[in-house]
Amino acid sequence: MRRAGRRAGILLLTVLAGALLVFLAMKAVPGDPALAALGENARPELVEAFRRTHGLDRPVWWQFASWLGGAALGDFGRSLTLAGGVPVGSLIASRLPVTAFVGLYALLLAVAISLVIGTVAALQRGRALDTAMTSFAVLGVSMPDFWLGYVLVFFLALNFPIFPSYGFVSPVESLGGALLSGFLPALAIAAPMAAVFSRVLRASLLEVMHRPFVQVSRSLGFSGPFVFFHAVLRNALIPYVTVIGLQVRYLLGGVVVIERVFGIPGLGSLMVDGAFGRDYPVIQACALTFLVVVLLTNLLVDLVCTRLDPRARA
């Protein structure tokens with residue numbers, strides 16, 4: 001209970017610190033949301049009335065306290081410029097499922113690809129197949145996701161019209177359509193992550209293979225597959241799962257860029273539109289949502305690693 005309480009306290013403090021940094025960063029960005037909403041030629045009295053209505057004329061500490069108090073209750077305010085007067089919470093609720101689907105799709109692809117590449121490379125160490133897999137991993141790490149997205153569109157959507165090049169079908173409307181339209185953006189996000197995952201898994205597997213308990217398992221007469229899955233792979237997954245949790249930050253950053261490339265109406269594109277429109281409540285709410293997702297994912301990874309390694313339970 002003490003350990004769970006300590007984790008919850010650290011998570012809460014991190015959310016508060018992140019919310020403060022995001023709020024101050026938005027205030028430091030040049031631009032006036034009143035002018036962005038009303039236009040550069042708006043009359044001064046209309047600009048002042050807009051600021052007064054949305055509390056932009058109040059002290060910064062009052063604005064932060066008001067926004068944080070509302071956010072704690074699930075009220076992120078109302079959009080200033082993108083959808084004037086519409087609650088930000090409803091905008092996030094409509095966009096978050098799309099981003100969650102694409103992000104989870106990309107993560108599953110990255111895990112599936114890396115498990116195959118990392119395992120084959122470790123089992124074929126020093127051979128041609130290992131060299132090919134390692135070279136693929138290095139190439140994947142060096143490719144920016146937005147560039148890879150355009151390459152995938154060129155080959156798999158324009159030259160060979162297998163997948164759609166733009167737009168997205170919501171999984172609520174059609175799961176098959178969502179899997180088809182989301183494959184290219186998910187693959188563009190997954191490829192660099194799969195390269196990182198596979199390299200970590202290969203190194204972890206090679207390190208575990210030479211541990212004494214693996215040699216003991218083999219000397220007891222257990223079969224090769226049994227030793228690999230019960231003694232080698234399970235212990236090698238601990239650093240692998242940890243890296244997956246750390247890469248969630250990259251995953252969210254990739255989603256923001258890829259959603260713009262493929263025209264996906266998700267949370268990332270909403271955040272970019274809010275930045276261009278100086279819509280502070282939208283940007284702050286999106287950033288806070290991403291922060292909470294990263295923290296909860298890290299907490300989940302910690303719990304999974306504890307489950308995989310009984311020594312961590314002590």
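Positions are given from 1 along the sequence.
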Is any side-chain heavy atom of Leu205 closer than 4.5 Å to a side-chain heavy atom of Phe228? yes
If you draw a 6.0 Å radius around CZ in Arg199, do more than 12 non-hydrogen atoms from other residues or ligands fall strictly inside? no
Ser114 vs Leu201, side chain to side chain contact (heavy atoms under 4.5 Å, CB included): CA-CA, chis, key distance, verdict: CA-CA 8 Å; Ser114 62; Leu201 181 61; 5.6 Å; no
Salt-bridge test for Asp279 and Arg78: reply yes if a basic N is under 4.0 Å from a carboxylate O, no otherwise. no
Closest contact, heavy atoms only, Ala190 versus Ala106: CB-O, 3.2 Å
The reported gap from CG in Leu16 to CG in Leu21 (rounded to nearest 0.5 angstrom) is 11.0 Å
Linking I/L/V/M/F/W/Y whenever their side-chain heavy atoms sit closer than 4.5 Å, directly or via other members, would Leu129 and Leu115 fall into one cluster? yes
Given side chain to side chain contact (heavy atoms under 4.5 Å, CB included), test Leu152 with Trp147 step by step and report yes or no. CA-CA 9 Å; Leu152 292 175; Trp147 176 84; over 6 Å; no
Atom CD1 in Ile264, atom CG in Leu267: separation rounded to 0.5 Å? 12.5 Å
Would a single hydrophobic cluster contain both Leu246 and Val256, if residues Ile, Leu, Val, Met, Phe, Trp and Tyr are joined by side-chain heavy-atom contacts under 4.5 Å? no
One should read off an interatomic distance between Leu270 CG and Ser94 OG, to the nearest 0.5 angstrom, of 7.5 Å
By side-chain hydrogen bond (donor to acceptor under 3.5 Å, both in side chains), Glu259 pairs with (sequence neighbours left out) Thr99
With a 4.5 Å cut-off on side-chain heavy atoms, are Pro171 and Phe101 touching? yes
Shortest non-hydrogen contact from Cys286 to Ile92? N-CD1, 4.2 Å
Taking side chain as C-beta onward, heavy atoms only, is Leu179 less than 4.5 Å from Tyr105? yes
Just verifying a value: how many Å separate Leu233 CG and Thr119 OG1, rounded to the nearest 0.5 Å? 6.0 Å
Compare every heavy atom of Glu173 with every heavy atom of Val169, then report the nearest pair and how far apart it is. CG1-OE1, 4.1 Å
Say whether, by atom type as modelled, one donor and one acceptor occur between the side chain of Ser66 and the main chain of Trp62 under 3.5 angstrom. no
Residue pairs passing the salt bridge (charged side-chain N to carboxylate O under 4.0 Å, His left out) test with at least one member in residues 121-133, sequence neighbours excluded, are Asp130-Arg202
Minimum heavy-atom separation for Gly274 and Ile283, please, with both atom names. O-CD1, 3.3 Å
With the 4.5 Å side-chain cut-off for hydrophobic clustering, are Phe290 and Leu20 part of the same group? yes
Check: Val261 and Tyr166 side chains under 4.5 Å, non-hydrogen atoms: no
To the closest 0.5 Å, what do you measure between CD1 (Ile258) and CG (Leu148)? 7.5 Å
Run Arg260 and Asp273 through side chain to side chain contact (heavy atoms under 4.5 Å, CB included) and show every step you take. CA-CA 10 Å; Arg260 299 293 293 181; Asp273 292 336; 2.6 Å; yes
Flag yes if Val255 and Met143 sit in one hydrophobic cluster, no otherwise; membership is Ile, Leu, Val, Met, Phe, Trp, Tyr, and two members link when side-chain heavy atoms are under 4.5 Å apart. yes
Does a side-chain heavy-atom distance below 4.5 Å link Val208 with Phe213? yes
Rounded to the nearest 0.5 Å, how far apart are OH of Tyr280 and OG of Ser79? 13.5 Å
Let's go through Val153 and Phe262 carefully: what are the C-alpha distance in whole Å and the side-chain angles of both, what is the deciding distance for side chain to side chain contact (heavy atoms under 4.5 Å, CB included) to 0.1 Å, and is it a yes or a no? CA-CA 9 Å; Val153 168; Phe262 287 92; 3.3 Å; yes
Test of understanding: clusters of I, L, V, M, F, W, Y form through side-chain heavy atoms closer than 4.5 Å, transitively. Do Leu104 and Val98 belong to the same one? no
Give me the atom names and distance for the closest heavy-atom approach of Ser170 to Ala178. C-CB, 4.1 Å
Would you say that more than 12 heavy atoms from the other residues, nucleotides or ligands in this model lie under 6.0 Å from the CZ of Phe163, or not? yes
Is there a side-chain contact between Pro87 and Phe76, using heavy atoms and a 4.5 Å cut-off? no
N/O donor-acceptor pair under 3.5 Å between Ser204 side chain and Val200 backbone: no
Of all residues at least two apart in sequence or in a different chain, which pass the side-chain contact (heavy atoms from CB on, under 4.5 Å) check with Asn298? Val294
Which pair of non-hydrogen atoms, one from Leu184 and one from Ala157, has the smallest distance, and what is that distance? CD1-CB, 4.2 Å
Does any part of the side chain of Pro97, heavy atoms only, come nearer than 4.5 Å to the side chain of Val172, both counted from C-beta? no
Side chains of Ile244 and Leu107, heavy atoms from C-beta outward: is any pair under 4.5 Å? yes
